[in-house]
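A short worksheet on the structure shown next.
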Amino acid sequence: MSESSITIHFVGGESLNIISGDIPGIIARLKSEEWVVLNEHHVQTSSISFFSVYEPGFERKSEKTLP
């Protein structure tokens, strides 16, 4: 099974790429928690500007924004 990846883009231009088989779970945590630990990275969700998801089998990334 191929895993998907999520790229989290932060205010200020930095980004973090995470490869996981549970992208919906990561997105749910980003929307509901103030701090999220992803692969030993502590992510403050209020500093996220947007994120993009890459799923195998699709040619383009789909950008998602946090409400």
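The line from CD1 of I23 to OG of S5 is 6.5 Å long, rounded to the nearest 0.5 Å. A distance of 12.0 Å separates CD1 of I19 from CD1 of I6, quoted to the nearest 0.5 Å. Atom CD of E14 and atom OG of S49 lie 11.0 Å apart (nearest 0.5 Å).
Residues T45 and L30 come closest through the heavy atom pair CG2-O, 3.4 Å.
In this structure, the side chains of S52 and H9 come closer than 4.5 Å at one or more pairs of heavy atoms. Residues V11 and I48 are not in side-chain contact: their nearest non-hydrogen atoms beyond the backbone lie 4.5 Å or more apart. No side-chain heavy atom of V36 sits less than 4.5 Å from a side-chain heavy atom of H42.
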I27 and V53: side chain to side chain contact (heavy atoms under 4.5 Å, CB included), yes or no, with the steps?
CA-CA 10 Å; I27 293 170; V53 175; 4.1 Å; yes

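By the side-chain hydrogen bond (donor to acceptor under 3.5 Å, both in side chains) test, N17 is found to be paired with T7, residues two or more places apart in sequence or in another chain being considered. For L16, the side chain to side chain contact (heavy atoms under 4.5 Å, CB included) partners are F10, I18, H41, V43, not counting sequence neighbours.
At distances below 3.5 Å, at least one donor-acceptor pair connects side-chain atoms of R29 with backbone N or O atoms of V37.
Residue pairs satisfying the ring-ring contact (aromatic ring centres under 6.0 Å, His included) criterion with at least one member in residues 14-40, sequence neighbours excluded, are absent.
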